[in-house]
Amino acid sequence: MDGAGRQQVHALLPVCLALAFSLAALGSSHWCEGTRRVAKPLCQDHPGGLGCIHLNRGHGGGRRDDESQAVQYIWETGDDRFIQSRFHVGLWQSCEENLGSAGEKCRSFRSIIPAEEHGLLWLSIGAEILNILLVLTSAVLLGSGVSSQSAGFRWLKVDASVAILTVLAGLLGMVAHMMYTTIFQIAVNLGPEDWKPQTWDYGWSYCLAWGSFALCMAVSVMAVNRYTAARLEFIEKQRVRKGSKHSRHKFPEPKASESVQEMEAAPSPAGHALVSASEHLPPNAPGKVSMC
């Protein structure tokens, strides 16, 4: 596997992690957590239970009084009459601990928020689902590119597609998280009295959702960097290849041996002058001809 393939494998891991974070956040109900102040149940309703209000009935002389006419004396006043009940909320439902028995009691989060905010809630859920689809598409593209032996130009296409998909997924996730935060704050202020929390904070599902956003943006930046570097390298290779082809069409320069042979075959002007001078001399005329 070449360098581009190894980079694709390294990019596939955070994409898969972002996908897992988004799926976990969408299906969980721990986006927000907190406590509610609820009245303690009566001990007669939960005999032997902890955190209940003790009462004392009027003595009826062994006679069982009617429940509607019974007088109950509660010995706990002020804040002692209340208990803190923990709750957690997600996109789909809100759950709180059941004081009467083990386990939790849940109800739809849609039934808690005002009716005017139902459309905003569905928009938030739709954006979260679209975010997951985009991240899944990016993972499929990277996985198919890694599994196949593709050329460098295909890596450019994969990197460009992954960069676009992940940045869109990150932006959609950010908008969806902000919409849900707005919806929850509206529910805290305008929700039913039997649900309003006393204290609340963001839970681990909310942190996973924003972690998926951060991973998507990081993968997008890395894909853009890889695309830019690979594109420049591809253009440089194309330029070098065209330059080598252009140099092959030029005429080759003469070699040194060929030029020497041409010089030997060509008549010398000095030789011609010597021959012509000797022809004009008398036959018996002494003379010496020197040539430098």
Side-chain angles (χ1 to χ4, degrees), residues 1-32 90-92 119-185 202-239:
M1 185 180 296
D2 56 355
R6 287 192 295 269
Q7 289 179 358
Q8 298 289 339
V9 173
H10 295 161
L12 182 60
L13 296 178
V15 169
C16 294
L17 191 61
L19 180 62
F21 283 179
S22 297
L23 288 173
L26 181 66
S28 61
S29 60
H30 288 265
W31 285 65
C32 296
L91 289 170
W92 308 100
L120 188 61
L121 176 62
W122 286 117
L123 281 177
S124 177
I125 294 175
E128 293 287 350
I129 295 175
L130 188 56
N131 167 35
I132 292 175
L133 293 178
L134 290 175
V135 177
L136 178 61
T137 306
S138 301
V140 171
L141 282 176
L142 288 173
S144 62
V146 170
S147 61
S148 63
Q149 298 294 333
S150 56
F153 188 72
R154 180 185 173 92
W155 288 122
L156 292 177
K157 293 182 178 180
V158 171
D159 283 334
S161 302
V162 169
I164 294 173
L165 291 174
T166 50
V167 73
L168 287 178
L171 292 176
L172 276 174
M174 179 185 67
V175 172
H177 308 340
M178 294 176 66
M179 284 193 295
Y180 179 81
T181 304
T182 303
I183 295 170
F184 181 78
Q185 291 176 353
Y202 298 109
W204 57 266
S205 300
Y206 193 79
C207 296
L208 286 182
W210 281 106
S212 175
F213 161 77
L215 288 173
C216 287
M217 301 307 291
V219 170
S220 177
V221 171
M222 289 190 297
V224 170
N225 291 336
R226 287 197 310 270
Y227 175 81
T228 304
R231 185 66 178 174
L232 293 176
E233 183 180 359
F234 183 77
I235 293 174
E236 182 66 21
K237 288 182 179 179
Q238 291 291 103
R239 188 183 65 81

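- In terms of heavy atoms, Ser138 sits closest to Leu165 at OG-CB, 3.2 Å.
- The minimum heavy-atom distance linking Ala24 with Ser28 is given by the pair O-OG, 2.9 Å.
- Taken from CG in Leu123 to CG in Leu130, the straight-line distance is 11.5 Å, to the nearest 0.5 Å.
- Partners of Ser212 under the side-chain hydrogen bond (donor to acceptor under 3.5 Å, both in side chains) rule, at least two apart in sequence or in another chain, are Ser22.
- For residues 173-182, every residue pair satisfying the side-chain hydrogen bond (donor to acceptor under 3.5 Å, both in side chains) rule, not counting sequence neighbours, is listed here: Glu128-His177, Thr181-Tyr206.
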Expected list for residues 13-21: side-chain donor-acceptor pairs under 3.5 angstrom, two or more places apart:
none

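- For Thr137, there are no side-chain hydrogen bond (donor to acceptor under 3.5 Å, both in side chains) partners two or more places apart in sequence or in a different chain.
- Counting only heavy atoms from C-beta outward, the side chains of Met217 and Val167 approach each other to under 4.5 Å.
- Distance check: Ile129 CD1 to Trp122 CH2 gives 8.5 Å after rounding to the nearest 0.5 Å.
- The side-chain hydrogen bond (donor to acceptor under 3.5 Å, both in side chains) check on Ser161 picks up nothing, with sequence neighbours excluded.
- By the ring pair (Phe, Tyr, Trp, His ring centres under 6.0 Å) test, Trp204 is found to be paired with His30, residues two or more places apart in sequence or in another chain being considered.
- Considering CG of Asp159 and CG of Leu142, their distance stands at 7.5 Å, rounded to 0.5 Å.
- Here the straight-line distance linking atom CG of Leu232 with atom OH of Tyr227 works out to 10.0 Å at 0.5 Å rounding.
- Between atom CG of residue Leu121 and atom CD1 of residue Ile183 there is a gap of 4.5 Å, rounded to the nearest 0.5 Å.
- Looking at every heavy atom in both residues, Ser220 comes nearest to Ala163 through OG-O, 3.1 Å.
- Listed here is the closest heavy atom pair of Asn131 and Ala169: OD1-O, 3.0 Å.
- Between the side chain of Trp31 and the backbone N or O of Leu26 there is no donor-acceptor pair closer than 3.5 Å.
- Of all non-hydrogen atoms in Gly170 and Phe213, the two that sit nearest each other are O-CD1, 3.0 Å.
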